[in-house]
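A short worksheet on the structure shown next.
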Amino acid sequence: MERVIVSMQDPDMGIKMRNQRLLITVIPHAMTGRDIVDWLIQKYSITEEEALHTGNFLVKYGYIYPLKEPRNLCLKQDETPYRFQVYIHTIYLARKNIRKQGELIEYEKECYNALHKRINHTWDFVVMQAREQLRASKQRRKSDRIVLECQEQAFWLINRPPPGVMDILEEGPERRNGANTRVQLVSGILETCAVDIEHNRKSLGRNRIKSSICLESFVKYCEQYQDHDPIMQGCLPSNPWITDDIMYWNMNAEMVPMPTKLRVERWTFSFMELLNDPLGKKELLTYLEKEFSGTHTLHINTHIQWLAKVFIPLKRFHILQFLAPGASRWVNIDSKTMEKTLQGIKHPHRFVMDDAQMHIYFLMKKDSYPRYLKSELYKNLLARAVVPQETKKSVFPFMRRQRHSSPSPALVTQTAEDNGKAQPNTGKTNTGTAAQI
Amino acid sequence: MGEMEQLRKEAESLKDEITAARKAVQDATLQDTVSGTVVVSRVQLKTRKTLRGHLAKIYAMHWSTDSKLCVSASQDGKLIVWDSYTTNKVNAIPLKSSWVMTCSYAPSGNMVACGGLDNMCSIYNLKAKDGNVKVMRELAAHTGYLSCCRFLSDAEIITSSGDCTCVLWDIETGTQKTVFAGHTGDCMSLAVPLDFKTFISGACDFTAKLWDIREGQCRQTFSGHESDINAIAFFPNGNAVITGSDDATCKLYDLRADQELITYQDSSIMCGVTSIAPSLSGRLILAGYDDFNCNIWDSLKAERVGVLAGHDNRVSCIGVTADGMACCTGSWDSFLKIWN
């Protein structure tokens with residue numbers, strides 16, 4: 001029920017508040033019984049009877065307050081104006097606030113602020129109402145006033161507005177899942193069942209790899225990248241966040257004349273690693289140019305440029321750029337793929353280049369990439385690559401132990417069973433960090 | 001209802017068969033496989049920078065691919081682009097709707113996107129010629145709140161929404177290219193791998209789905225969680241998915257084995273996971289929780305090896321830079337902290 005009230009009050013999707021007429025007075029920000037019923041019918045796709053019934057409950061439990069006959073707590077499907085209980089509570093708090101000049105009790109203050117945020121758009125109206133009521137109450141006798149105040153306070157202590165109003169600020173919008181939405185029509189269920197079955201059938205036919213193999217691959221991957229993970233192993237020359245020295249980033253910038261050893265080693269992990277590094281790509285291109293210089297390069301170049309113009313984004317064609325040097329092979333093998341691609345270009349769609357691309361990619365991966373890694377060019381680069389020195393962090397003269405400028409946050413030790421020795425492999429532990437504990 | 005009963009029985013039997021097939025490939029336990037690996041006994045990350053400037057809860061943050069700039073979204077109605085190293089605010093973008101729930105940085109660094117209860121994804125151009133950051137596109141077609149968005153390129157973006165669908169948009173024209181429907185609960189988060197051919201989404205129906213972008217179909221569904229999946233990320237090798245859920249656990253699902261392989265849980269943790277991010281090597285998984293901390297898990301041994309404590313309210317978002325150097329946590333206490 002509270003959810004219904006909250007969604008009713010949603011400024012966009014809820015019931016539109018209008019100025020309602022009560023006999024001759026115009027009451028702003030109220031809704032008619034008719035409105036409530038209509039909204040319920042529309043939102044929850046229920047019948048009129050059910051909407052009326054639900055609406056009645058809302059009134060009986062006090063969430064909505066009839067303005068015409070306060071004693072008769074039932075929903076009339078007509079022009080009788082209603083208003084949300086929350087508004088009345090807000091008005092009460094506003095009144096109290098004005099009167100006591102801000103000395104509300106703690107929880108009331110919270111409520112007040114939260115409500116303020118929530119019904120910001122009608123705040124002026126609320127304050128106006130509060131002032132009105134204050135003025136009216138001044139006309140009563142003092143003793144009456146005190147009694148009424150106590151009564152109201154007690155009332156509101158018990159009847160605070162539904163928690164749903166505050167929660168939406170904390171928990172975010174209501175989350176739906178299959179369990180708590182209303183029951184779907186039968187045909188809807190049949191459809192979803194059929195879709196499920198289809199999906200499950202396909203899923204059954206899938207080839208599943210053994211979990212041992214999968215787990216092994218994770219272990220290998222983590223091991224391979226451990227040295228490259230700054231959080232695991234620290235980074236040389238120094239961690240810029242600690243030493244405020246950006247040399248690490250400078251040394252690993254996109255295009256440096258001399259890359260670091262770690263970076264060059266990383267190219268051996270996979271073809272994607274090489275391609276993802278702009279420096280690596282440039283090196284590969286240089287290598288291929290050296291190998292295949294002069295073979296039909298002009299012819300293929302024009303093809304590539306024409307293909308590249310047809311599609312955006314151009315970055316998809318980085319791989320195609322490799323075609324220039326590797327031309328002879330591409331022309332011989334790939335005529336079928338080329339044809340298919342050219343056909344597809346007549347009716348271009350997003351993936352038409354994928355076939356050609358994939359073909360070239362696998363070609364390079366199987367052929368050019370391993371050859372590059374074995375080539376003199378690569379080996380020379382690896383030999384010349386820089387291993388940065390760890391920068392010495394300036395320390396006070398009386399400090400005996402040198403602080404590491406690039407500690408690895410992770411304390412990593414070799415397991416005892418692995419190498420048969422009792423003590424951990426000190427090569428991997430970072431003594432600097434351990435000493436700081 | 002004869003037909004319905006029949007269909008239901010068929011669906012059930014298929015499900016059982018799938019469960020059996022999955023069990024059949026479970027031929028090794030985690031303990032055996034990882035017994036030889038190095039032990040990570042303790043991970044201690046310290047706060048290096050605190051990014052102050054937001055005035056209300058931070059709901060989302062995303063690193064740029066250059067590992068220095070990041071964007072954060074807060075319900076004070078601002079999207080701030082930070083230079084995290086100098087803690088300067090590069091851009092402070094006022095939003096039309098302050099109920100923002102997600103933000104994303106384009107891989108090119110030219111655009112940022114955000115969205116929330118306004119059901120729209122707004123794209124802002126950061127590199128406009130006149131220097132002002134303006135709304136470039138407003139992608140409106142969802143009938144529910146926008147829970148997450150991720151750029152595939154400067155021309156395409158994927159969004160997940162509370163209307164249980166994910167959508168691939170063409171940013172130039174502002175139209176929907178593909179609608180990925182299949183979840184039966186609000187989609188809460190999504191993640192895109194490096195090859196941009198697939199993506200995964202986690203939803204309030206307790207499942208995560210792997211979608212093929214090209215075909216618009218769901219390729220795989222992973223279940224096992226007992227509550228809403230709030231956060232999802234790819235394992236760095238692209239073959240596994242890690243999810244974080246309101247049931248206080250994180251799980252690792254392998255795409256090739258088509259099942260859950262590892263669960264990260266601890267009896268002392270009883271609050272939901274709000275956000276998740278793996279370190280560069282994948283050995284560490286950082287997860288933000290409702291109890292104001294982040295826990296660091298050893299992904300292979302499934303043990304907790306560290307805590308990032310420093311926030312005064314719920315940690316709502318977490319991200320690790322592309323170079324793996326630092327991680328950033330954003331919280332409802334309106335601060336972003338960079339840890340290292």
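We use all heavy atoms of the structure for the numbers below, so side chains are in, but hydrogens, waters and symmetry mates are not. To find a chain, count down the sequence lines: A is the first, B the second, and so on, and within it residues start at 1.
In this structure, chain A has heavy atoms under 4.5 Å from both the backbone and the side chain of B:S84. The part of A:R206 that comes within reach of chain B is its side chain, from C-beta onward, which places non-hydrogen atoms under 4.5 angstrom from that chain. The parts of B:L7 that come within reach of chain A are both its backbone and its side chain, each placing non-hydrogen atoms under 4.5 angstrom from that chain. If you measure heavy-atom distances from A:N207 to chain B, the contacts under 4.5 Å come from the backbone alone. Looking at B:D195, there are no atoms closer than 4.5 Å to chain A (heavy atoms on both sides), in backbone or side chain. For chain A, no part of B:I296 is nearby; none of its heavy atoms comes within less than 4.5 Å. Heavy atoms closer than 4.5 Å to chain A are found in the side chain of B:L300, but not in its backbone. For B:T221, the parts lying near chain A are the backbone and the side chain together; criterion is any non-hydrogen pair under 4.5 Å.
The greatest number of non-hydrogen atom pairs below 4.5 Å with chain B, out of A:Q224, A:R208, A:H228, A:E223, is found for A:R208. Note on A:S211, A:S270, A:S203: by heavy-atom pairs under 4.5 Å with chain B, the leading option is A:S211. Of the listed residues B:Q220, B:E12, B:R8, the one with more heavy-atom pairs under 4.5 angstrom with chain A than any other is B:Q220. Of the listed residues (A:D229, A:L204, A:N252), the one with the most heavy-atom contacts under 4.5 Å to chain B is A:D229. Counting heavy-atom pairs closer than 4.5 Å to chain A, the top-ranked of the candidates B:D27, B:D254, B:V43 is B:D27. Ranked by non-hydrogen atom pairs under 4.5 Å with chain A, the options B:V320, B:L14, B:V25 are led by B:V25.
Counting heavy atoms from C-beta on, the side chains of B:F206 and B:S223 never come closer than 4.5 Å. Counting heavy atoms from C-beta outward, B:Q26 and A:S212 have side chains that stay 4.5 Å or more apart.
Partners of A:Y221 under the ring-ring contact (aromatic ring centres under 6.0 Å, His included) rule, at least two apart in sequence or in another chain, are A:Y225.
Crowding of B:K49 atom NZ: a count of heavy atoms from other residues, nucleotides or ligands under 6.0 Å exceeding 12.
Between the CD atom of B:Q217 and the CD atom of A:E198 there is a distance of 9.5 Å, given to the nearest 0.5 Å. Between B:F222 atom CZ and B:I229 atom CD1 the span is 10.5 Å, to the nearest 0.5 Å.
A salt bridge is defined here as a Lys NZ or Arg NE, NH1 or NH2 lying under 4.0 Å from an Asp or Glu carboxylate O, and B:D298 with B:R283 meets this definition. The pair A:R201-B:E10 counts as a salt bridge, with a side-chain nitrogen and a carboxylate oxygen less than 4.0 angstrom apart.
Ring geometry, B:W332 versus B:Y59: the interplanar angle falls from 30° to 60°, so the pair is classed tilted.
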